[in-house]
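Ligands are counted one by one from 1 in listed order, and the atoms in each one are counted from 1 as well. Because the structure is a prediction, the values reported are computed rather than measured. All heavy atoms count here, side chains included; hydrogens, waters and symmetry mates do not.
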Amino acid sequence: MDKSEIIQLPKILDHRGNLTVIEGLKNVPFEIVRVFWIYDVPGGETRGGHAYKTSEEFIVALSGSFDVILDDGRKRTLHALNRSYCGLYVPACTWRQMENFSTNSLALVLSSTFFKEQDYIRDYNVYLSALGS
Ligand code: TYD
């Protein structure tokens, strides 16, 4: 899959409380290798501001809300995430930034690779040049 998209996850409704599940290669188009989460973000802060050469991601607002801005070098798209049963698939080679975090928001990020700093492109101009090459 080479396009970003919002993916709706299974929602098992229950009067005791709802349950949502993510299975690798089933609900997200990659094997889940790494999981991290972003929390306690002070008001007005932004996260991200980079692209990965190979990592694919799936981002869910488990709690609260935040915006993910994706840029593929041609178009910028803002995705407002605020549902724990919907996530945003981010293909490799996509510039992504996260901002507008609500108080107590919790961002879950699933990744297709182990952490490797060499997989990051942190300079937007380098990103644009990499796309052109
Ligand atoms: P980074 O991905 O740069 O955060 P953001 O893009 O949200 O600003 O990660 C911040 C720091 O955490 C950076 O020093 C790398 C480290 N880090 C890990 O060690 N392992 C990980 O899996 C992640 C995502 C980050």
Protein heavy-atom partner closest to atom 5 (P) of ligand 1 - residue, atom, separation in Å: Gly48 N, 3.3 Å
Nearest non-hydrogen protein atom, atom 17 (N) of ligand 1: Phe115 CE1, 3.6 Å
Can you tell me how far the CG atom of Leu106 sits from the OG atom of Ser84, to the nearest 0.5 Å? 10.0 Å
Decide whether an N or O pair under 3.5 Å exists between Arg96 and ligand 1. no
With the threshold set at 4.0 Å, does a side-chain nitrogen-carboxylate oxygen contact exist between Lys53 and Asp119? no
Do Ile38 and Phe66 pass the side chain to side chain contact (heavy atoms under 4.5 Å, CB included) test, and can you show the C-alpha distance, the side-chain angles, and the key distance before you say yes or no? CA-CA 11 Å; Ile38 297 168; Phe66 51 86; over 6 Å; no
Closest to atom 9 (O) of ligand 1 by heavy-atom distance, out of Phe36, Tyr52, Tyr120, is Tyr120
Take every heavy atom of Met98, measure it against each atom of ligand 1, and state whether any distance is under 4.0 Å. no
Is any side-chain heavy atom of Ile6 closer than 4.5 Å to a side-chain heavy atom of Leu81? yes
For atom 10 (C) of ligand 1, what is the nearest protein heavy atom, given as residue, atom name and distance? Arg47 NH2, 3.8 Å
Ile22, Asn27, Val35 screened by side chain to side chain contact (heavy atoms under 4.5 Å, CB included) with Phe58, the one that passes: Ile22
Residue and atom name of the nearest protein heavy atom (relative to atom 6 (O) of ligand 1), distance in Å to one decimal: His50 NE2, 2.5 Å
Between Tyr120 and Tyr52, how do the two ring planes meet: parallel, tilted or perpendicular, split at 30° and 60°? perpendicular
Any non-hydrogen protein atom less than 4.0 Å away from atom 14 (O) of ligand 1: no
Specify the closest pair of heavy atoms between Tyr127 and Trp95, including all atoms of both residues, with the distance to one decimal. OH-N, 3.4 Å
Ligand 1-proximal atoms of Arg122, by part, heavy-atom distance under 4.0 Å: side chain
Could you identify the single nearest non-hydrogen protein atom to atom 22 (O) of ligand 1 and state the distance to 0.1 Å? Arg34 NH1, 2.5 Å
